[in-house]
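For reference, the structure is listed below as structure tokens.
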Protein chains: 2
Amino acid sequence: MSHTAELIAVGTELLLGNIANTDAQMLSRGLSALGINVFYHTVVGDNPQRLRAAVELARSRADIIITTGGLGPTCDDLTKTVLADCFGKQLVFHAPSARRIEAYFQRFHSNHPMTENNYQQAMLPDGCIVLDNDWGTAPGVAFKVDGTHVIMLPGPPRECSAMFTHRVLPYLERLAEGAIVSRTLKLFGIGESTMEAQLRETMNAMTNPTLAPYAKEGECELRITAKGDSPAAALALIEPVEAHLRTHFGPLVYGVDVPSLESVVFALLKEKGLTLGCAESCTGGLVAKRITDLAGSSAVFRGGVVSYATTLKHTLLGVDPGLLEEYGAVSQPVARAMAQQARQVLGCDLAIATTGVAGPDPDDRGNPVGLVYIALATPEDTWVRQIHLSMGRERIRHIAASHGFDLARRYLTGLPLDSSPALTEEKSS
Amino acid sequence: MSHTAELIAVGTELLLGNIANTDAQMLSRGLSALGINVFYHTVVGDNPQRLRAAVELARSRADIIITTGGLGPTCDDLTKTVLADCFGKQLVFHAPSARRIEAYFQRFHSNHPMTENNYQQAMLPDGCIVLDNDWGTAPGVAFKVDGTHVIMLPGPPRECSAMFTHRVLPYLERLAEGAIVSRTLKLFGIGESTMEAQLRETMNAMTNPTLAPYAKEGECELRITAKGDSPAAALALIEPVEAHLRTHFGPLVYGVDVPSLESVVFALLKEKGLTLGCAESCTGGLVAKRITDLAGSSAVFRGGVVSYATTLKHTLLGVDPGLLEEYGAVSQPVARAMAQQARQVLGCDLAIATTGVAGPDPDDRGNPVGLVYIALATPEDTWVRQIHLSMGRERIRHIAASHGFDLARRYLTGLPLDSSPALTEEKSS
């Protein structure tokens with residue numbers, strides 16, 4: 001039997017536009033991976049009558065209702081009260097949750113006493129399944145009444161996402177019949193529309209597994225999802241499709257079910273016992289920031305120089321001032337020298353360097369916005385990629401940093417480095 | 001008369017979680033600034049029956065319906081067809097829009113011929129106001145039937161946002177009576193629950209203006225919103241409240257209607273003709289990244305050193321190896337020396353330094369996760385703040401970097417720097 005879920009986000013801050021409803025995106029992605037239909041999202045404010053109307057409507061057309069938000073200690077947090085009432089349940093004091101909230105306070109708020117309001121968070125619908133919240137104070141809740149599953153999650157995206165992964169998924173997986181498995185290929189160096197054009201016919205002909213392309217921040221993802229009687233059966237359907245796609249896209253595929261390009265580079269460096277460093281101009285610390293976002297990165301990352309001012313490229317990195325004079329800071333020879341000098345100065349095996357024009361204006365030599373040189377220096381050789389992106393400052397910086405990681409990934413896996421993928425596409429539909 | 005708007009986003013990609021409904025956030029913010037109530041957002045897929053149900057429901061409870069999405073050439077003009085039908089209108093060919101679409105294609109898609117589908121975008125409800133789209137191909141539409149205003153906008157956020165600002169706002173301003181104005185105070189160094197506890201009674205007693213607190217990423221915001229007959233009248237209601245809050249929270253308020261701490265530091269540096277640099281350990285490039293996120297930052301930012309490996313603190317920054325030996329890399333004296341050396345090595349007026357344990361494990365001297373020293377070196381003196389945060393790696397890094405900017409902000413505005421705010425709270429609601 002196929003299930004239909006409906007999402008209700010509760011919070012006046014959403015209706016005022018203070019925040020976007022990213023919880024709905026996260027939940028929708030997770031539900032669709034389970035093969036659960038989602039036909040509507042609703043956002044409603046901190047108003048009992050309007051929340052009740054949204055719940056009654058959802059109940060009439062879905063068998064799973066998931067709410068986000070409105071579980072906090074302040075008086076306008078009304079989700080539990082309204083939902084309990086709609087489904088004929090009483091709120092009762094749940095002592096273990098009260099103990100958890102107390103413990104959470106002792107750990108994180110030692111200078112703030114708990115208030116009576118916080119105990120309100122331990123009032124839960126009778127007979128519900130309590131979804132312990134290890135990421136905040138408000139417990140989540142699940143119950144089933146007359147064939148409708150009701151799940152209530154806290155609103156802050158960090159908590160909501162952790163609660164969904166660790167508490168709700170196991171609950172929903174029991175509802176699903178058979179198994180749904182998906183694998184996501186990650187690609188760098190191809191635009192979404194090119195990828196889609198190459199796959200359109202294949203995709204339209206597929207029913208199980210299905211193939212879904214996504215584009216984000218200069219990368220592409222291809223998610224293969226299969227339904228089978230067991231996880232093994234579903235996986236068996238995925239494997240030939242995955243093999244075909246890997247052959248088709250070759251070195252553009254940087255990983256499967258991996259979080260990011262930098263995580264792949266991190267794992268490869270660790271495996272090979274090599275170290276990384278960077279010299280950044282236009283990316284201004286972003287390469288270093290992205291690699292040090294990863295826990296344990298100190299095992300492979302030596303450090304970096306952000307030589308934003310041109311003189312620092314000489315004084316700190318030791319780039320030949322003659323090169324800077326002759327070619328300018330944004331040039332192929334300077335990118336090369338920055339990477340090579342970074343290896344020396346930082347004492348690392350591999351060094352990524354970036355120099356370019358992130359915008360909003362061209363540089364003083366007339367180099368256009370979006371022109372970036374990205375170099376990788378290694379014990380064997382140095383490679384430089386030139387890209388020219390027509391997009392905003394933030395995306396230029398992000399994609400330039402990704403190119404640095406892509407060069408390192410290619411070097412560490414023995415792939416050719418001389419090809420410079422032209423990644424100038426932008427989604428616009 | 002006060003108006004109520006309801007937003008309906010059309011697109012299966014939203015229900016699959018491929019994208020977040022950021023259009024709704026943008027529109028909600030704009031509508032609330034006009035004093036137009038928004039009580040519901042709905043997201044519905046590319047399905048005529050379900051869109052019709054959402055429209056009929058919206059019509060029963062709002063007098064302004066704004067749809068986003070479903071105007072593209074590939075979706076069979078679902079939105080226009082359904083909405084025209086619901087409101088008893090015919091779709092008729094609008095020649096000027098067809099000419100605009102042709103011109104747009106010639107300009108941006110010279111390599112793609114226009115298809116018949118594109119002409120479909122020029123089929124518009126009879127008697128409607130056409131909202132010319134200068135940012136894409138699909139024109140927007142507005143019409144009024146039996147007291148209900150219907151506005152349809154394209155889905156891509158860039159187009160939707162431009163269309164709202166340039167086409168819809170003038171339309172809605174004619175409907176609105178009175179004015180709503182809001183100002184947002186930004187605070188650093190106080191937790192949300194402390195702030196709320198201090199304001200609870202005041203807030204509960206207020207009706208116009210109202211006061212809304214928010215917490216995000218280690219900072220707090222206080223939005224004051226007032227309704228008046230004119231913008232000036234609304235502002236006059238805000239001013240005494242703002243003055244009171246500024247006095248109450250004193251140096252914790254770092255700005256009003258400003259985007260971020262770093263943007264305040266950037267503006268102050270620019271105003272005073274001073275430069276900034278940084279030496280980062282646990283923040284690993286994040287201080288540099290955040291300041292270079294700002295367009296024009298090269299005017300004030302010299303560069304930075306990410307001395308992730310301990311030896312680089314000596315070789316690259318010139319920190320006395322004796323200090324490193326005696327106190328360890330995560331220590332008050334090393335933070336101080338890093339900032340002072342960064343001033344020398346980078347040739348900047350102010351230098352921010354960070355050294356700490358971002359986690360997931362304590363360092364080799366047994367310093368606990370979340371312990372961070374943040375230093376600011378200036379021509380006059382050097383200050384070091386010690387913080388200890390019980391949270392995840394990403395938030396520790398973010399908040400540590402924010403402390404660096406806060407020190408710089410305090411120095412640049414002549415505030416005392418010796419107080420070290422204990423910022424260990426976390427929002428959870």
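Order of the sequence lines fixes the chain letters, A, B, ..., with proteins taken first and strands second; residue numbering starts at 1 for each chain. Just so we're clear, the structure is a prediction, and the values are computed from it rather than from any experiment.
Listed options B:D361, B:T42, B:T315 were ranked by heavy-atom pairs under 4.5 angstrom with chain A; first place goes to B:T42. In terms of heavy-atom pairs under 4.5 angstrom with chain A, the leader among B:L16, B:V305, B:V306 is B:V306. Of the listed residues A:L14, A:N37, A:I19, the one with more heavy-atom pairs under 4.5 angstrom with chain B than any other is A:I19. Taking B:L294, B:T310, B:D23, B:L27 one by one and counting their heavy-atom pairs under 4.5 Å with chain A, the maximum is reached by B:L294. Ranking B:G284, B:G296, B:G277 against chain A, the residue ahead of the rest is B:G284, based on heavy-atom pairs under 4.5 Å. In terms of non-hydrogen atom pairs under 4.5 Å with chain A, the most contact-rich of B:P360, B:A358, B:G45 is B:P360. Between chain B and the residues A:V287, A:L31, A:T22, A:L346, the largest count of heavy-atom pairs under 4.5 Å involves A:L346. Considering only heavy-atom pairs separated by less than 4.5 Å from chain A, the leading option among B:M26, B:E13, B:E280, B:R29 is B:R29.
For the pair B:R290 and B:H398, the minimum side-chain heavy-atom distance is below 4.5 Å. Annotation: side chain of A:L7 is not in contact with side chain of A:T68 (no heavy-atom distance under 4.5 Å). In this structure, B:E262 and B:D293 have side chains that are not in contact, with every pair of non-hydrogen atoms separated by 4.5 Å or more. Side-chain atoms of A:S297 and B:Y308, non-hydrogen and from C-beta on, do get closer than 4.5 Å to each other. When side chains are defined from C-beta on, A:H41 does not count as touching B:N21, because their heavy atoms never get closer than 4.5 Å. Residues A:C348 and A:L276 are not in side-chain contact: their nearest non-hydrogen atoms beyond the backbone lie 4.5 Å or more apart.
Heavy atoms closer than 4.5 Å to chain B are found in the side chain of A:L57, but not in its backbone. Contacts of B:R393 with chain A are made by side-chain atoms alone, with heavy-atom separations under 4.5 Å and no backbone atom involved. Only the side chain of B:R397 has a heavy atom closer than 4.5 Å to any heavy atom of chain A. For B:L317, no part lies near chain A; criterion is any non-hydrogen pair under 4.5 Å. Only the side chain of A:T311 has a heavy atom closer than 4.5 Å to any heavy atom of chain B. Heavy atoms of B:S281 lying under 4.5 Å from chain A are absent altogether. Contact of A:N133 with chain B is not made at all, since no heavy-atom distance falls under 4.5 Å. In this structure, the portions of B:A295 lying under 4.5 Å from any heavy atom of chain A include both its backbone and its side chain. There is no contact between A:I396 and chain B, counting heavy-atom distances below 4.5 Å.
If you check the side chains of A:S32 and A:R223, you find a donor sitting under 3.5 Å from an acceptor.
A cation-pi arrangement, defined by a distance under 6.0 Å to the six-membered ring centre and an angle within 45 degrees of its axis, is absent between A:R61 and A:F39.
Closest approach of B:S182 to B:T225, counting heavy atoms only: CB-OG1, 3.4 Å.
In this structure, B:Q198 places its CD atom where more than 12 heavy-atom neighbours from other residues, nucleotides or ligands lie under 6.0 Å away.
When atom types are taken as modelled, the side chain of B:Y40 and the backbone of A:R50 share a donor-acceptor pair closer than 3.5 angstrom.
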